[in-house]
Amino acid sequence: MTRTRKAVGALQEPHLPVQAKLAAAWGSFMFLYIYVDYLALYKPGFVDDILAGAVHEFDTGPTFVALALTLMAIPILMIILSTTLPARVNRATNLTVATLYIPVTVYNANGESWSYLYFYGLSIGLELLLLAFILRAAWTWPRAIRATASRDLAQV
């Protein structure tokens, strides 16, 4: 039986485009966002409040449902937009949406009891970390080197 020897050394780091990183981060954000809402259903009285027509002191009428859908749809759409928009628009859109979602994320702790501090602290902390990653990835988007710069230098 022959054995082939494999090179031992550092693992190769494949280049991952910024668009893929942003889409993955928005996907992770959405999974967390959805599961936090789902796990909140297990809090005593939460389902009773929904059945009575109230969530976080808001009436669960058509306006609330439309606003809730909008809050969910924006990060969902950011997954596809992060992979399809042109670089300049993509960067600006990710910076804007991630910045706007910081207060939305922090608001989730509003009016919650101290007994759920760990749950909301962990979930909000993780969501903020993902938003910070999105902001950093968009802010540090690599810039293309202008082709004319090398030609200009060659003429000097």
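Please read all numbers here as calculations on a predicted model, not as lab measurements.
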So which heavy atom on Ala25 is nearest to which on Ile134, and how close?
CB-CG1, 3.5 Å

Phe31-Leu41 co-clustered via ILVMFWY side chain contacts under 4.5 Å:
yes

Separation between CG (Leu39) and CZ (Phe119), nearest 0.5 Å, reads 5.0 Å

Hits for salt bridge (Lys or Arg N to Asp or Glu O under 4.0 Å) against Lys21, two or more places apart or cross-chain, chain-then-number order -> none

Verify the cluster assignment for Val65 and Val47: are they in a single hydrophobic cluster under the rule of side-chain heavy atoms below 4.5 Å apart?
yes

Any heavy-atom pair between the side chains of Leu81 and Val97 that's under 4.5 Å?
no

d(Leu100 CG, Leu71 CG) to nearest 0.5 Å is 11.0 Å

What pairs meet the side-chain hydrogen bond (donor to acceptor under 3.5 Å, both in side chains) rule with one or both residues in residues 78-90, with sequence neighbours excluded?
Ser82-Asn94, Asn90-Asn94

Side-chain touch Leu130/Leu126, heavy atoms, less than 4.5 angstrom:
no

Thr140: side-chain hydrogen bond (donor to acceptor under 3.5 Å, both in side chains) partners, not counting sequence neighbours
none

May I ask whether Phe133 and Leu122 are part of the same hydrophobic cluster, defined by side-chain heavy atoms of I, L, V, M, F, W, Y residues being less than 4.5 angstrom apart, directly or through others?
no

Run the side-chain contact (heavy atoms from CB on, under 4.5 Å) check on Trp139 and Leu95 step by step: do they pass?
CA-CA 7 Å; Trp139 187 260; Leu95 288 171; 3.9 Å; yes

Test item: Trp141 and Leu22 side chains (from C-beta on) under 4.5 Å apart, heavy atoms:
yes

Run the side-chain contact (heavy atoms from CB on, under 4.5 Å) test against Thr105 and tell me which residues pass, sequence neighbours left out.
Phe29, Ile124, Glu127, Leu128, Leu131

Could you list who else is in Leu69's hydrophobic cluster, with ILVMFWY side chains joined at under 4.5 Å, directly or through other members?
none

Tell me, please, which residues at least two apart from Ala20 pass side-chain contact (heavy atoms from CB on, under 4.5 Å).
Leu16, Pro17

Between Ile34 and Met72, is there a side-chain heavy-atom distance shorter than 4.5 Å?
yes

Among all residues two or more places apart in sequence or in another chain, which pass the side-chain contact (heavy atoms from CB on, under 4.5 Å) test with Ile79?
Ala23, Trp26, Met30

Any residue meeting ring-ring contact (aromatic ring centres under 6.0 Å, His included) with Tyr42, in chain and number order, not counting sequence neighbours
Tyr38

CG of Asp37 to CG of Leu32: how many Å apart, nearest 0.5 Å?
10.0 Å

Nearest heavy-atom approach of Lys43 to Tyr120 is NZ-OH, 3.1 Å

Can you tell me how far apart OG1 (Thr93) and CG (Leu85) are? Round to the nearest 0.5 Å.
5.0 Å

Considering only heavy atoms from C-beta outward, does the side chain of Val104 approach that of Tyr33 to under 4.5 Å?
yes

What residues, two or more places apart in sequence or in another chain, satisfy side-chain contact (heavy atoms from CB on, under 4.5 Å) together with Pro44?
Tyr116

Taking side-chain hydrogen bond (donor to acceptor under 3.5 Å, both in side chains) as the test, write out the residues that go with Tyr101, two or more places apart.
none

Take atom OH in Tyr107; do more than 12 heavy atoms of anything else shown fall under 6.0 Å from it?
yes

Remaining members of the apolar cluster that contains Trp114, side-chain heavy atoms under 4.5 Å:
Leu117

